2 protein chains.
Amino acid sequence: MRAVLDVKKHVLIYGLLSGSLIAVLKLVEYRFLVVEHSLEIYGGLVATVFAGLGIWLGSRLTTKEARVVVREILVPSTGPFTVNEAKREELGITPRELEILGLIAGGLSNREIAGKLFVSENTVKTHSSRLFDKLGAKRRTQAAQIGKDLGLIP
Amino acid sequence: MRAVLDVKKHVLIYGLLSGSLIAVLKLVEYRFLVVEHSLEIYGGLVATVFAGLGIWLGSRLTTKEARVVVREILVPSTGPFTVNEAKREELGITPRELEILGLIAGGLSNREIAGKLFVSENTVKTHSSRLFDKLGAKRRTQAAQIGKDLGLIP
DNA sequence: CCTGTCGTCATCCTTTCGGGTGATTTTCGA
DNA sequence: TCGAAAATCACCCGAAAGGATGACGACAGG
C-alpha cells in the first residue's frame, strides 16, 4: 500500500510539473520563435528539462529497492537492553510469554506473577509451560538462563 | 572503480542517443514545420523521449547502490568475572554454598547438582536452604537474581 | 580438650512446579 | 466477517523444591 501511494504521488507531481512547464513553454514560445534557430533552442530546452525531470523521477522510483541484508548474531551488554526480536520471532515466543519470562528470571513465583499481571495462577502456568517448550527448558531457572543467553531478557 | 565506469558508460550512451535523436529531429523538423501546431507536437515528442531517457538513466544510476550489510558479533562484556569476596564474607556465604549458587543460576536441578558435586541430593538441599536464608531469597530463581546483583556469580 | 564452623546426610511435611488436557474469550489480519 | 493466533482459566497428578529439625565427622583455633 505504502509503495503504491508513493508511486502515485510521484506520478502526480511529475504530471503537474510537466503541465506547468508546458504552459510556460507555450507562453514564451512566441518570443523565441522570431529568433533564428529558436527551434533548436526550444527543443534543447525541453529536452534538458524533461531529461532532468526524468532522472529525478527515475531515481525516486527505484531507490526504494535498496536491499538491506542484516546478519545478526548476538548482542551482549552494550548500552541499554533491547530484546532480540529475531530470536523471539524465530522461536515463536509471544509478547506475553516474554513478559512472563522476565518475571520468572526476576525471581517471582507463579503466584506473584499472576498477582502482578492480574491473571490467574493457572494462566501463568500455561504461559510458562509453552515458554519452556519453545526454549527447550525443563525448569524455570534454566529458562531464565537460556533467555539471557539468547538476548530475550537483560 | 566499477561504479565510475558504469556511470561513464551510461553518460556516453546517453550522449550518443541524444545526439542522434537531435539529428533525426533536425532532419524531420522541416516536414512537420509546415503543419499547424507542429511546434507543440515537436515539443511533446522531445519531452516524451527525453523524459523516458531520463527515467531510464535515473534508474540505471541508482539501483545498483544501497546494499547494506550489518554484522553484530558477540563480545566478552566485562572481562573475566571475579567474585565479590567482600559481599560473600559479609553474608557469611561459604565457598560450597557459592558453588551451588552458581549451579542453581545455571539452571540445574538439585538432583543434577548433587550428581555433579558427588554428594547426595539432601546435602544440596541443606546447602541451598542455608543459602536462601543468607541471601534473603525464597526461591532458587530469586537467589540467582540476587546473586547476580551482588556480584557473587557472573 | 572443647567449641564453633563447615560439609555431609536423613526424615517428615508442605508448597510450588511442571506436564497434560480441554475449554472459552480476545484479538487481529485476510 | 471469518478464522487463526493469542490469551485466558480450570482440574488433575506426579515431581521438584523448600522448611524444620536432628545428627555425625573433620578440622581449626582458643
Side-chain angles (χ1 to χ4, degrees), chain A residues 1-5 83-148 152-153, chain B residues 83 85-148 152-153:
Chain A
M1 266 306 169
R2 198 72 193 79
V4 174
L5 279 180
V83 182
N84 186 340
E85 279 296 327
K87 266 291 174 219
R88 195 186 67 76
E89 292 283 345
E90 179 187 334
L91 296 177
I93 295 176
T94 71
R96 196 59 157 174
E97 288 165 353
L98 185 62
E99 190 177 5
I100 286 181
L101 175 59
L103 296 175
I104 284 178
L108 300 189
S109 71
N110 287 340
R111 189 176 307 250
E112 291 168 336
I113 295 175
K116 185 178 277 278
L117 298 183
F118 301 103
V119 297
S120 88
E121 197 177 334
N122 286 312
T123 302
V124 176
K125 288 179 67 175
T126 44
H127 278 316
S128 54
S129 276
R130 290 204 270 253
L131 185 60
F132 297 160
D133 252 6
K134 294 169 182 175
L135 287 177
K138 290 178 174 54
R139 284 165 291 284
R140 54 189 23 236
T141 49
Q142 198 179 0
Q145 179 66 29
I146 296 175
K148 286 178 199 290
L152 298 175
I153 46 179
Chain B
V83 183
E85 279 295 327
K87 267 293 175 215
R88 196 186 66 75
E89 293 283 346
E90 179 188 334
L91 296 176
I93 296 176
T94 72
R96 195 58 157 173
E97 287 164 355
L98 185 62
E99 190 178 5
I100 287 181
L101 175 59
L103 296 176
I104 284 178
L108 301 189
S109 70
N110 287 340
R111 185 170 312 227
E112 290 168 335
I113 295 175
K116 185 178 277 277
L117 298 183
F118 301 105
V119 296
S120 88
E121 195 177 334
N122 286 312
T123 301
V124 177
K125 288 177 70 174
T126 30
H127 279 315
S128 54
S129 276
R130 289 203 271 251
L131 185 60
F132 297 161
D133 250 8
K134 293 170 183 173
L135 287 177
K138 291 179 173 54
R139 283 164 291 284
R140 53 186 26 234
T141 48
Q142 198 178 0
Q145 179 65 31
I146 296 176
K148 286 178 198 290
L152 298 175
I153 46 179

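Given the structure is predicted, the values throughout are model-derived calculations rather than measurements. Proteins get letters first, then strands, A, B, ... in listed order; numbering begins at 1 in each. Computation of the quantities below employed the complete heavy-atom set of this structure, encompassing side-chain atoms and omitting hydrogens, waters and symmetry-equivalent molecules.
Of the side-chain N and O atoms in Arg96(B), none sit less than 4.0 angstrom from OP1 or OP2 of dC6(C). Between Asn122(A) and the phosphate of dC9(D), there is no side-chain N or O to OP1/OP2 separation shorter than 4.0 Å. Contact annotation: Ser120(B) reaches the phosphate of dA10(C) (side-chain N/O to OP1 or OP2, under 4.0 Å). Dashed line: the shortest gap from a side-chain N or O of Arg139(A) to OP1 or OP2 of dC17(C) is not under 4.0 Å.
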For Lys134(A) and Leu101(A): C-alpha separation, side-chain torsions, deciding distance, then whether side chain to side chain contact (heavy atoms under 4.5 Å, CB included) applies. CA-CA 12 Å; Lys134(A) 294 169 182 175; Leu101(A) 175 59; over 6 Å; no
Query - Residue pair Glu112(A), Lys138(B): steps toward the salt bridge (charged side-chain N to carboxylate O under 4.0 Å, His left out) verdict - result: CA-CA 12 Å; Glu112(A) 291 168 336; Lys138(B) 291 179 173 54; over 6 Å; no
(message) One pair to check against side chain to side chain contact (heavy atoms under 4.5 Å, CB included): Leu103(A) and Leu117(A). What are the steps and the verdict?
(response) CA-CA 10 Å; Leu103(A) 296 175; Leu117(A) 298 183; 4.1 Å; yes
*asked:* As a quick check of understanding, evaluate side chain to side chain contact (heavy atoms under 4.5 Å, CB included) for Phe132(A) and Arg140(A), giving each step before the final call.
replied: CA-CA 8 Å; Phe132(A) 297 160; Arg140(A) 54 189 23 236; 3.8 Å; yes
task: Determine, stepwise, if the pair Ile93(A) / Leu135(A) fulfils side chain to side chain contact (heavy atoms under 4.5 Å, CB included).
output: CA-CA 9 Å; Ile93(A) 295 176; Leu135(A) 287 177; 3.8 Å; yes
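Comparing Ile100(A) and Phe132(B) against DNA chain D, the residue whose closest nucleotide sits nearer the 5' end is Ile100(A). Position along DNA chain C of the nearest nucleotide to Val119(B) versus Arg111(A) favours Val119(B) as the more 5'-ward residue. The 5' end of DNA chain C is approached more closely, in terms of each residue's nearest nucleotide, by Ile104(A) than by the other of Ile104(A) and Thr126(A).
Residue Arg130(A) has its side chain nearest to dT8(D) when only dT8(D), dG19(D), dC17(C) are considered. Which of dA7(D), dG19(D), dT8(D) sits closest to the side chain of Ser129(B) comes down to dG19(D).
In this structure the side chain of Pro95(A) reaches within 4.5 angstrom of the side chain of Arg88(A), judged on heavy atoms. Put simply, the side chain of Lys125(A) does not reach to within 4.5 Å of the side chain of Ser120(A), judged on heavy atoms.
For the pair Lys125(A) NZ and dG19(C) C1', the computed distance is 9 Å after rounding to whole Å. The distance from atom NE2 of His127(A) to atom P of dC17(C) is 16 Å, rounded to the nearest whole Å. Between the CD atom of Glu97(B) and the P atom of dT8(C) there is a distance of 11 Å, given to the nearest Å. We find that CZ of Arg88(A) is positioned 13 Å from C1' of dA5(D), with the value rounded to whole Å. Ile93(B) places its CD1 atom 11 Å from the P atom of dC6(C), with the value rounded to the nearest Å. The distance between atom CG of Leu101(A) and atom P of dG18(C), rounded to the nearest whole Å, is 12 Å. To the nearest angstrom, P of dA17(D) lies 16 Å from CD of Gln142(B). As a whole-Å value, the separation of Leu103(B) CG from dA17(D) P is 13 Å.
Contact detail for Thr123(A) and Thr126(A): the closest heavy-atom pair is O-OG1, 2.7 Å.
Base contact: Thr123(B) has a heavy atom under 4.0 Å from a base atom. Residue Asn110(B) is in sugar-phosphate contact alone, with no base atom involved, counting any heavy-atom pair closer than 4.0 Å across all strands shown.
Over its full length, the helix from dC1(C)-dG30(D) to dA30(C)-dT1(D) turns its helical axis through 50°, comparing axes from the five pairs at each end and rounding to 10°.
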